[in-house]
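Contents: one structure, followed by commentary.
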Amino acid sequence: MRTRLALAVALLACSGGRPFVTRGEPVVTFEGKVEKGPAVLGTTDLESLARRAFEAVPPGGERVRFEGLALAPLLGDTLEVERGADTVVFRGEGGRAAAVPLVSVRQLKPVLADQAGDAPIGAWRREAAPLQLAWPNLDAPGIDSDPRLRWWWLGGVRRVELVSWLATYGKALRVPPGASDAARLGADVLATSCLGCHRLHGAGGTRGPALGAGLVKGDPSAVTARLRLHLQRTSAGAGAPELTPAAVGQVIAFLRAVELAARPDEDIKEPESVEAPPPVLPRR
Ligand code: HEC
């Protein structure tokens, strides 16, 4: 008994690292697949952990110098990311979420900025406080061609989750077997342009209502017309792309395919209004 206890203690000691000890006022929580997590970073941690600064041009904004917590060393050295975590979900202003591949964080080296233009981040844009996820798009000019990048600029970050893409977003975006090519493309549109604000089977943001076929029912051309300027309207961001009829059509195809796949029985059930045939009476 005692040896077993000693073994357990030894194993615990070997499994590396202690829980992260917060210093200062709590600012941002890293949770999910973080060893010994969740880790709450405080004001003093933000000053003393690895920092980084760069000039960048946020979507619809002016060039400014961002400075703050360097995410690549944080998610490599300071915190230990559990096996299977390949996606970093940042949660921020107004229920928006940005799901970023961990490799993109490591390669592009964004910061969680608490300063912009040598002033506190909230002076630059109120909603950006306490932390703005900022990307060095002047150092790596090519990265702006990725349509996901504009949605990865996110202010008001207080919570960051490390997750497995397949177990979360991948599952929500799974295309039912036999669905059309349009539905397949619709899953890509949703991943790139919609899940930052909308939930789908628990993945995504909470700014807009949860997505489902019910939200896009009715005449597809009416839905398309309604949604053409949806991204500009909801993101208040100059230059958000228009939604083309093709993209909206693909989203509709995907949501309907998912709904059909989820309710196979109802599909083949006879309508209830059909009357039962009269009983066959035995003939004499
Ligand atoms: C920047 C946030 C944001 C993004 C990105 C976003 N939405 Fe929305 N959406 C909202 C909000 C907020 C509402 C509710 C209020 C409103 O309609 O303005 C909404 C409502 C809707 C509605 C219901 C209202 C209507 O007019 O039919 C649909 C459908 C919809 N969104 C589809 C989409 C699709 C499809 C995408 C991706 C191509 C998307 N949204 C991307 C924020 C967003």
Side-chain angles (χ1 to χ4, degrees), residues 58-61 87-101 104 125-129 131-135 144-159 161 165 168-176 179-260 262:
T87 303
V88 193
V89 184
F90 297 87
R91 298 202 174 267
E93 52 187 298
R96 272 184 54 199
V100 181
S104 301
R125 198 167 66 83
R126 201 146 55 90
E127 298 77 23
L131 294 171
Q132 165 76 41
L133 179 59
W135 297 84
D144 274 331
S145 63
D146 187 328
R148 297 171 301 176
L149 192 81
R150 67 165 297 116
W151 304 112
W152 291 353
W153 283 86
L154 181 63
V157 176
R158 290 186 174 278
R159 198 147 65 86
E161 292 160 15
W165 174 269
T168 55
Y169 285 74
K171 204 161 136 197
L173 290 165
R174 208 173 69 85
V175 183
S180 65
D181 287 346
R184 219 163 278 284
L185 293 166
D188 293 341
V189 175
L190 284 165
T192 306
S193 308
C194 313
L195 295 192
C197 293
H198 291 275
R199 270 175 336 275
L200 184 67
H201 303 295
T206 55
R207 172 90 169 263
L211 284 175
L215 210 58
V216 291
K217 66 170 181 268
D219 176 13
S221 64
V223 178
T224 302
R226 217 165 65 221
L227 291 181
R228 189 168 67 91
L229 299 177
H230 184 65
L231 299 183
Q232 275 122 310
R233 206 167 48 72
T234 51
S235 68
E242 276 189 18
L243 282 173
T244 62
V248 176
Q250 289 156 0
V251 166
I252 295 173
F254 173 81
L255 294 174
R256 289 196 179 151
V258 168
E259 190 182 63
L260 285 183

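Both counts, for ligands and for their atoms, begin at 1 and track the order of listing.
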Taking every non-hydrogen atom, the tightest pair across Trp135 and Ser104: CZ3-O, 4.2 Å
Are any protein N/O atoms closer than 3.5 Å to the N/O atoms of ligand 1? If there are, list each pair with names and the distance to one decimal place.
residue: ligand 1; atom: 7 (N); partner: His198; partner atom: NE2; Å: 2.8
residue: ligand 1; atom: 7 (N); partner: His230; partner atom: NE2; Å: 2.8
residue: ligand 1; atom: 9 (N); partner: His198; partner atom: NE2; Å: 2.8
residue: ligand 1; atom: 9 (N); partner: His230; partner atom: NE2; Å: 2.8
residue: ligand 1; atom: 18 (O); partner: Arg233; partner atom: NH1; Å: 3.0
residue: ligand 1; atom: 18 (O); partner: Arg233; partner atom: NH2; Å: 3.4
residue: ligand 1; atom: 26 (O); partner: Arg226; partner atom: NE; Å: 3.2
residue: ligand 1; atom: 27 (O); partner: Arg226; partner atom: NE; Å: 2.9
residue: ligand 1; atom: 27 (O); partner: Arg226; partner atom: NH2; Å: 2.6
residue: ligand 1; atom: 31 (N); partner: His198; partner atom: NE2; Å: 2.9
residue: ligand 1; atom: 31 (N); partner: His230; partner atom: NE2; Å: 2.9
residue: ligand 1; atom: 40 (N); partner: His198; partner atom: NE2; Å: 2.8
residue: ligand 1; atom: 40 (N); partner: His230; partner atom: NE2; Å: 2.9

Heavy-atom pair of closest approach, residues Pro241 and Arg150: CD-CD, 3.9 Å
With a cut-off of 3.5 Å and sequence neighbours excluded, list every side-chain donor-acceptor pair involving residues 87-96.
residue: Arg91; atom: NE; partner: Glu161; partner atom: OE2; Å: 3.0
residue: Arg91; atom: NH1; partner: Gly204; partner atom: O; Å: 3.1
residue: Glu93; atom: OE1; partner: Arg125; partner atom: NH1; Å: 3.4
residue: Glu93; atom: OE2; partner: Arg125; partner atom: NH2; Å: 2.9
residue: Glu93; atom: OE2; partner: Gly155; partner atom: N; Å: 2.8
residue: Arg96; atom: NH2; partner: Trp151; partner atom: O; Å: 3.4
residue: Arg96; atom: NH2; partner: Trp153; partner atom: O; Å: 3.1

Run the side-chain donor-acceptor check on residues 244-253: report pairs under 3.5 Å with partners two or more places apart or on a different chain.
residue: Thr244; atom: OG1; partner: Ala247; partner atom: N; Å: 3.1

Let me check something: any side-chain donor-acceptor pairs from residues 210-222 under 3.5 Å, sequence neighbours excluded? List them with distances.
residue: Asp219; atom: OD1; partner: Ser221; partner atom: N; Å: 3.2
residue: Asp219; atom: OD1; partner: Ser221; partner atom: OG; Å: 3.2
residue: Asp219; atom: OD2; partner: Ser221; partner atom: OG; Å: 3.0

For the student: nearest non-hydrogen atoms of Trp165 and Ala99, plus distance: CZ3-CB, 4.3 Å
